[in-house]
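Everything numeric here is computed off the predicted structure, so don't read it as measured data.
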Amino acid sequence: VQLQASGGGLVQAGGSLRLSCAASGRTFRNYFMGWFRRAPGKEREFVAAITWSGDSTNLADSVKGRFTTSRDNAKNTVYLQMNSLKPEDTAVYYCGGSPIGGNSPLSYNYWGPGTLVTVSS
């Protein structure tokens, strides 16, 4: 599975962005998908994950109530809707594919290049 995230950009605090992660490969629908981010000078951290069917999601406490994730297996795409953005959400966002899911990046064996999200105050 090859992944490509897009949709990042510059937004003011309180604004919204929707990230997309397009996957190639017919086995996309067999994988849990996750979103992680890395802020400058920090470790990669978990943001959100979604089961292969899309019937269950898990969100980091820091983004609950503001972010949601969804997927369209027919389009081989997973989404991260980000609302009420804060300057502390500024980071490079990555999507990952995992056979088991979870909130550890070690569980993910497919990664795409990240997309930069910058939130200005």
Side-chain angles (χ1 to χ4, degrees):
V1 177
Q2 292 184 323
L3 305 174
Q4 180 67 57
S6 61
L10 174 64
V11 63
Q12 289 188 330
S16 298
L17 281 175
R18 188 176 81 156
L19 304 184
S20 299
C21 176
S24 62
R26 57 187 176 181
T27 60
F28 168 77
R29 65 189 63 205
N30 295 337
Y31 285 87
F32 291 78
M33 297 298 295
W35 290 95
F36 291 76
R37 65 187 182 188
R38 177 174 285 164
K42 295 187 177 181
E43 296 293 319
R44 186 174 299 197
E45 67 171 352
F46 170 75
V47 176
I50 187 167
T51 57
W52 64 271
S53 64
D55 63 348
S56 181
T57 63
N58 184 28
L59 296 166
D61 288 343
S62 59
V63 305
K64 279 181 181 176
R66 301 188 299 121
F67 291 12
T68 59
T69 188
S70 60
R71 67 191 295 165
D72 185 340
N73 286 341
K75 295 183 178 180
N76 278 10
T77 303
V78 63
Y79 304 98
L80 183 68
Q81 178 66 46
M82 306 185 295
N83 300 327
S84 301
L85 283 160
K86 304 176 181 180
E88 51 263 44
D89 294 318
T90 294
V92 177
Y93 284 72
Y94 301 87
C95 60
S98 170
I100 61 173
N103 59 7
S104 170
L106 298 178
S107 299
Y108 291 76
N109 47 8
Y110 294 101
W111 293 97
T115 185
L116 176 62
V117 172
T118 304
V119 184
S120 63
S121 58

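Ring centers of Phe36 and Tyr108: under 6.0 Å apart, within the cut-off.
Interatomic distance, CZ of Arg71 versus CG of Leu80, reported as 13.5 Å (0.5 Å rounding). Distance check, rounded to the nearest 0.5 Å: CZ of Arg18 to OG1 of Thr68 gives 9.5 Å. Considering CZ of Phe67 and CG of Leu17, their distance stands at 9.0 Å, rounded to 0.5 Å. In this structure, CD in Gln12 is found 11.5 Å from CG in Leu85, a value given to the nearest 0.5 Å. Between the OG atom in Ser24 and the OH atom in Tyr110 there is a gap of 10.0 Å [rounded to 0.5 Å]. Residue Asp89 holds its CG atom at 11.0 Å from OG1 of Thr118, rounded to the nearest 0.5 Å.
Contact of the Arg37 side chain with the Val63 side chain is registered, since non-hydrogen atoms from C-beta on lie closer than 4.5 Å. Two residues are said to be in side-chain contact when any heavy atoms from C-beta on lie closer than 4.5 Å; Ser20 and Lys75 fail this criterion.
No donor-acceptor distance shorter than 3.5 angstrom exists from the side chain of Thr51 to the backbone of Phe32, with no hydrogens or angles considered. In this structure a side-chain-to-backbone donor-acceptor pair under 3.5 Å is missing from Thr115 to Tyr93. The backbone N or O of Ser107 lies less than 3.5 Å from a partner atom in the side chain of Ser98, making a donor-acceptor pair. At distances below 3.5 Å, at least one donor-acceptor pair connects side-chain atoms of Arg66 with backbone N or O atoms of Ser84. Side-chain N or O atoms of Asn73 include one that pairs as donor or acceptor with a backbone N or O of Trp52 at under 3.5 Å.
Taking each heavy atom of Arg44 and Arg38 in turn, the nearest pair found is N-NE, 3.6 Å. Heavy-atom minimum distance, Ser53 versus Asp55: OG-OD1, 2.8 Å. When all heavy atoms are compared, the tightest approach of Val117 to Gly8 is CG2-CA, 4.1 Å. When all heavy atoms of Tyr31 and Val1 are compared, the pair lying nearest together is CE1-CG2, 3.8 Å. The two residues Leu59 and Ala48 make their nearest non-hydrogen contact at CD2-CB, 3.4 Å. The minimum heavy-atom distance between Tyr79 and Asp72, with the atom names listed, is CE1-CB, 4.2 Å.
By the salt bridge (charged side-chain N to carboxylate O under 4.0 Å, His left out) test, Asp61 pairs with Lys64, sequence neighbours left out.
Connection of Val92 to Phe46 is established within a shared hydrophobic cluster, with ILVMFWY side chains joined at heavy-atom distances below 4.5 Å, either directly or through further cluster members. Under the 4.5 Å side-chain contact rule for hydrophobic residues, Tyr94 and Leu3 do not share a cluster.
Within a 6.0 Å radius of CD in Gln2, other residues, nucleotides and ligands contribute 12 heavy atoms or fewer.
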